[in-house]
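What follows is a set of notes on a single structure, which appears directly below.
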Amino acid sequence: MRLQAEKLAVRRGARIVIDGLSFEAVAGEALLLTGPNGAGKTTLLRAVAGFLTPEAGQIRLQGGDNDREVGEQAHYVGHANGIKSNLTTAENLAFWCAYLGGGSDNRVRRERVELALERLRLLSLEDIPAAYLSAGQKRRLGLGRLLVADRPLWLLDEPTVSLDAASVKLLAGIVHEHLQGGGIVLAATHIPLGLEHARELRLGVMRQSA
């Protein structure tokens, strides 16, 4: 499997923030998007996810499902955690599991949710409404969608926000397992994620469009 982008140009508002960008990432590889604020890291992730339509260029996932768009084969975790405060920790993951097609029946989905809660060290909080979780616990819960449904491509925007050192290490282990299974990761980050052999794609501040 190979993610390829060729001569991408992506607009954010009135400004072209990505122009003429080409890159690729292969199965088992993590590509870390770095650069100053405003360089286009989030914009690039949103374009790969299908939330933004490029002005020019192409994005392809070779070896994926040709009948589905790239974004449909990806997990996208942005700045927002994507959780409902009035739902319990387990209910939030159950929603994502069902929404993302994480199991053929209720039993399989329950097993996936329980395993994700255990892996993220949230099992003891499964019946607690998300509103009562700490910032770090909410972030781990938001990352839980990575574990309740299979997607070959993970798009992570500052995934370590609100995480302590132990949780960053936990996340690195989860990402490492995804890569070992042949997955691909694009992650925008300002800090190291503790991933061996990750490549860096540094984005610079783009010019104002005329």
Side-chain angles (χ1 to χ4, degrees), residues 30 32-33 37 41-52 69-179 181 183-191 193-195:
L32 305 183
L33 309 181
N37 292 336
K41 300 184 295 296
T42 295
T43 298
L44 177 57
L45 288 175
R46 290 178 62 81
V48 176
F51 301 145
L52 296 174
E69 298 292 333
V70 174
E72 295 179 296
Q73 302 176 71
H75 278 308
Y76 174 83
V77 178
H79 293 167
N81 292 319
I83 60 179
K84 297 284 188 180
S85 297
N86 60 319
L87 297 181
T88 68
T89 303
E91 288 170 341
N92 269 284
L93 283 191
F95 164 79
W96 279 114
C97 187
Y99 181 77
L100 297 170
S104 58
D105 55 44
N106 290 334
R107 180 187 59 80
V108 172
R109 289 194 287 268
R110 283 196 301 270
E111 289 176 352
R112 298 200 73 156
V113 167
E114 184 173 335
L115 182 61
L117 289 171
E118 183 176 5
R119 185 67 193 277
L120 293 164
R121 300 173 186 169
L122 294 171
L123 190 58
S124 63
L125 303 172
E126 62 179 335
D127 295 323
I128 301 299
Y132 296 101
L133 300 179
S134 70
Q137 289 167 341
K138 289 177 180 177
R139 190 56 172 172
R140 277 185 276 148
L141 179 58
L143 292 165
R145 77 192 74 168
L146 302 173
L147 300 176
V148 296
D150 297 323
R151 293 287 189 279
L153 176 60
W154 288 7
L155 308 172
L156 311 178
D157 197 353
E158 299 293 348
T160 60
V161 169
S162 300
L163 297 183
D164 58 19
S167 296
V168 171
K169 185 176 180 180
L170 177 64
L171 173 62
I174 291 171
V175 172
H176 180 68
E177 288 181 6
H178 177 64
L179 297 175
I184 299 172
V185 173
L186 264 65
T189 179
H190 287 286
I191 68 170
L193 297 183
L195 301 175

With a 4.5 Å limit on heavy-atom distance, are the side chains of Leu93 and Leu117 in contact?
yes
For Val185 and Val175, work out which heavy atoms get closest and say how close.
CG2-CG1, 3.9 Å
4.5 Å side-chain heavy-atom contact, Leu143 and Leu171:
yes
Check Cys97 against Arg109 and note the closest heavy-atom contact, atom names and distance.
SG-CG, 3.6 Å
If you round to the nearest 0.5 Å, how far is CH2 of Trp96 from CD1 of Ile83?
11.0 Å
Backbone N or O of Leu100 within a donor-acceptor pair of the Arg151 side chain at under 3.5 Å?
yes
Is a side-chain donor or acceptor of Ser85 paired with a backbone partner of Ala130 at a separation under 3.5 angstrom?
no
One pair to check against side chain to side chain contact (heavy atoms under 4.5 Å, CB included): Ile191 and Thr160. What are the steps and the verdict?
CA-CA 8 Å; Ile191 68 170; Thr160 60; 3.4 Å; yes
Please check if the side chain of Glu111 supplies one atom and the backbone of Val108 the other of a donor-acceptor pair under 3.5 Å.
no
So Asn81 and Leu141, do their side chains get closer than 4.5 Å, heavy atoms only?
no
Are Asp105 and Arg110 close enough, and set up right, to give a salt bridge (charged side-chain N to carboxylate O under 4.0 Å, His left out), and what steps lead you there?
CA-CA 9 Å; Asp105 55 44; Arg110 283 196 301 270; over 6 Å; no
Could you go step by step and tell me if Asp164 and Ser167 meet the side chain to side chain donor-acceptor pair (under 3.5 Å) rule?
CA-CA 5 Å; Asp164 58 19; Ser167 296; 2.9 Å; yes
Taking the side chain as everything from C-beta on, heavy atoms only, tell me whether Asp150 gets closer than 4.5 Å to Arg112.
yes
So which atom in Asp157 and which in Ala188 form the shortest heavy-atom distance, rounded to 0.1 Å?
OD1-CB, 3.6 Å
Does Glu72 CD have over 12 foreign heavy atoms under 6.0 Å away?
yes
Looking at every non-hydrogen atom in both residues, tell me the closest pair between Leu120 and Gly144 and how far apart they are.
CD1-CA, 3.4 Å
Any side-chain heavy atom of Tyr76 sitting closer than 4.5 Å to one from Leu156?
no
With rounding to the nearest 0.5 Å, note down the distance linking CD1 in Ile174 to NZ in Lys169.
13.5 Å
Which heavy atom of Ala80 sits nearest a heavy atom of Arg139, and at what distance?
O-NH1, 3.9 Å
For Arg119, what residues pass the salt bridge (Lys or Arg N to Asp or Glu O under 4.0 Å) criterion, not counting sequence neighbours?
Glu177
So do Leu153 and Val48 actually touch side chain to side chain, heavy atoms under 4.5 Å?
yes
Pairwise distance CD1(Ile128) to CG(Leu87) - rounded to 0.5 angstrom
13.5 Å
Check this for me: Glu114, atom CD, are more than 12 non-hydrogen atoms of other residues, nucleotides or ligands nearer than 6.0 Å?
no
Sub-4.5 Å side-chain heavy-atom contact between Val77 and Leu146:
yes
Say whether, by atom type as modelled, one donor and one acceptor occur between the side chain of Arg46 and the main chain of Leu52 under 3.5 angstrom.
no
Can you measure from OG1 (Thr88) to CG (Leu125) and round to the nearest 0.5 angstrom?
10.5 Å
Please report the interatomic distance NZ(Lys41) to OG1(Thr189), rounded to the nearest 0.5 Å.
9.0 Å
Between Ala172 and Gly194, what is the shortest heavy-atom contact and its length?
CB-O, 4.2 Å
Could you tell me whether the side chain of Phe95 reaches within less than 4.5 Å of the side chain of Val148, counting heavy atoms only?
no
dist His75:NE2 -> Arg145:CZ (nearest 0.5 Å) comes out at 8.5 Å
